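See below for the structure under consideration.
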Amino acid sequence: MKASTTFVLLVLAAVPFVSAHGYVSQVTIDGKSYKGNTPNSNSVKSPIRMIDDVSPVKGATNKYLSCGQNAQKAATVASANPGSKVTFKWVNGLGGNWPHNVGPLMTYMASCGSAGCTQFDSSKARWFKIAQAGQTSTGAWAQAALMSGGSASVTLPSGIAPGEYLLRHEIIALHTAMTAGGAEFYPSCTQIKVGGSKTGTPNATVSFPGAYKDTDAGILVDVYDLVGKYVFPGPAISNLAGKTVAAST
């Protein structure tokens, strides 16, 4: 009896921790939805690279900053086109609403090269930023809509060349970012194949880790006493710009 009681107490103690973090549970491209795996489950074939832990990536030099905690290559590749609308459903570790409401949403892409995304090592990716969203005109963060059950959407660049790409959608939760190392990074990568006949390529790329520093103005910041406009970390929006569609329920 004592052992079973201890086990129940340990499970209950873990619930707040799990629900305080999260992951991408589903991606929808032009109306077609692709379910992701719950972390460390690998139960469905998905284009979303599965992580093994809902905990945030901490530290700008962390090797998991590219696609999330020990993210695995996904089994499939989702079809897309230049200008496609992509919607990301973020949930907490128990499957409920996303738990945080302050910090930016950013989206990057990287070519998987001739080998394709199912074989591509994300540590070798060269990323370009296609979209970012911070505070709205009311002062609320775009991330706050996720906390209310909404999803985040972006449109892919209209001129991007065909090929297979990693699509990296990232939330940076800044509720504990007042001290160095306090920011929480939640990157997620989806494998896509872009069709069409456009010819656009990025004019500059970055690597992860490498694109951020723990002392960047948009990473080491007190968002509850913000002076002036928020400064997004990482590179400027690429010449291959997409567009963030306001998160909505």
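Side chains are part of it too, since the values below use all heavy atoms of this structure and drop only hydrogens, waters and symmetry mates. Keep in mind the model is a prediction, meaning the values are calculated, not measured.
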(message) Which residues pass the side-chain contact (heavy atoms from CB on, under 4.5 Å) test with S66, not counting sequence neighbours?
(response) S122, W127, F208
Give the table of side-chain donor-acceptor pairs shorter than 3.5 Å for residues 101-112, with sequence neighbours excluded, one pair per line with atom names and distance.
unit_1	atom_1	unit_2	atom_2	d
Y108	OH	Y212	OH	2.9
S111	OG	G113	N	3.1

(message) According to side-chain contact (heavy atoms from CB on, under 4.5 Å), who are the partners of P39, at least two apart in sequence or on a separate chain?
(response) Y23, I51, V54
(message) Please enumerate all residues that pass salt bridge (charged side-chain N to carboxylate O under 4.0 Å, His left out) together with D121, with sequence neighbours excluded.
(response) K124
(request) Flag the pair T190 / L166 as yes when at least one side-chain heavy-atom distance between them is below 4.5 Å, and no otherwise. (result) no
(message) Tell me whether S25 contacts the main-chain N or O of V91 through its side chain, where contact means a donor paired with an acceptor under 3.5 Å.
(response) no
(message) Any non-hydrogen side-chain atom of K129 less than 4.5 Å from a side-chain atom of F232?
(response) yes
(message) For the backbone of T28 and the side chain of K89, can you confirm whether one donor and one acceptor N or O come within less than 3.5 Å of each other?
(response) no
(request) Any salt bridge (charged side-chain N to carboxylate O under 4.0 Å, His left out) involving residues 199-222? Give me the pairs, sequence neighbours left out, ordered by first then second residue. (result) none
(message) Could you work out, with side-chain contact (heavy atoms from CB on, under 4.5 Å) as the rule, every residue matching S188, not counting sequence neighbours?
(response) V24, I48, W90
(request) Treating Ile, Leu, Val, Met, Phe, Trp and Tyr as nodes and any side-chain heavy-atom pair under 4.5 angstrom as an edge, say whether I237 and V231 lie in one connected cluster. (result) no
(request) May I ask you to check whether Y186 and W98 place their ring centers less than 6.0 Å from one another? (result) yes
